[in-house]
Amino acid sequence: MGTPATGTYTAKLTDGPLEGKTVTTEFLESGDPRPRLEIPTDTGSKRYLYMRGAGLEFGSSEFPERPTAVDYRYLEAVFD
């Protein structure tokens with residue numbers, strides 16, 4: 001897996017068990033925000049699945065066409 005050349009953005013978790021938290025994540029190689037995030041828990045056997053929402057924030061002078069923050073909505077907990 002190569003190093004992404006497109007940078008990172010802030011994923012804002014708007015609801016669910018991680019409501020109000022943020023995580024930094026990388027753009028896809030295409031430069032688009034990720035459509036979903038799987039966030040591991042401390043237990044290791046459970047992950048939270050978040051799907052991209054409609055909210056986008058822009059504020060980068062280096063890449064003005066890319067969002068600096070993207071809203072994500074809780075979908076479900078996934079167990080191994």
Side-chain angles (χ1 to χ4, degrees):
M1 188 169 179
T3 304
T6 56
T8 61
Y9 63 96
T10 300
K12 296 168 64 177
L13 309 177
T14 61
D15 59 1
L18 301 177
E19 180 178 358
K21 301 212 183 285
T22 61
V23 294
T24 300
T25 191
E26 298 171 343
F27 286 99
L28 297 172
E29 288 185 24
S30 65
D32 295 320
R34 296 185 176 278
R36 64 184 232 165
L37 299 174
E38 287 192 28
I39 302 171
T41 64
D42 292 338
T43 64
S45 62
K46 178 170 76 170
R47 301 178 313 281
Y48 296 124
L49 179 61
Y50 278 79
M51 301 299 286
R52 193 171 114 196
L56 300 173
E57 294 177 22
F58 294 86
S60 171
S61 58
E62 187 177 357
F63 298 105
E65 72 284 355
R66 293 190 195 133
T68 54
V70 177
D71 288 348
Y72 283 82
R73 303 288 315 252
Y74 176 72
L75 186 61
E76 64 183 346
V78 179
F79 297 89
D80 291 329

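Val70 is not listed as a side-chain neighbour of Thr25, based on a closest heavy-atom distance of 4.5 Å or more. For the pair Phe58/Pro67, a side-chain contact is recorded, criterion being any heavy-atom separation below 4.5 Å from C-beta on.
Both Leu56 and Phe27 are members of a single hydrophobic cluster when ILVMFWY side chains are connected at heavy-atom separations under 4.5 Å.
Across all non-hydrogen atoms, the minimal contact from Arg52 to Pro33 is NH1-O, 3.5 Å. The two residues Ala69 and Lys12 make their nearest non-hydrogen contact at CB-CD, 3.8 Å. Between Ile39 and Tyr50, the closest heavy-atom pair is CD1-CD1, 4.1 Å. For the pair Ser61 and Pro64, the tightest heavy-atom approach, listed with the atom from each and the gap, is O-CD, 3.7 Å. Pairing each heavy atom of Thr68 with each of Gly59, the nearest pair is CG2-N, 3.6 Å.
Taking the six-membered ring where tryptophan is involved, the planes of Tyr48 and Tyr74 are perpendicular, since the angle between them exceeds 60° and thus also 30°.
Salt-bridge formation is not detected for the pair Arg66/Asp32: no Lys NZ or Arg NE/NH1/NH2 atom is positioned less than 4.0 Å from an Asp or Glu carboxylate oxygen. Checked for salt-bridge contact, Glu38 and Arg36 meet the test: a charged N lies under 4.0 Å from a carboxylate O.
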Chi angles and distances behind the side-chain contact (heavy atoms from CB on, under 4.5 Å) call for Val23, Lys21
CA-CA 7 Å; Val23 294; Lys21 301 212 183 285; 5.9 Å; no

For side-chain contact (heavy atoms from CB on, under 4.5 Å), just list the numbers for Arg34 and Tyr72, CA-CA rounded to whole Å, side-chain angles, deciding distance to a tenth of an Å, and then say yes or no.
CA-CA 10 Å; Arg34 296 185 176 278; Tyr72 283 82; 3.9 Å; yes

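The CD atom of Glu26 sits 7.5 Å away from atom OG1 of Thr8, with the distance rounded to the nearest 0.5 Å. Of the inter-residue distances, the one linking Leu37 atom CG with Leu75 atom CG reads 11.5 Å to the nearest 0.5 angstrom.
Although no hydrogens or angles enter the test, the distance criterion places a donor-acceptor pair under 3.5 Å between the side chain of Thr41 and the main chain of Lys46.
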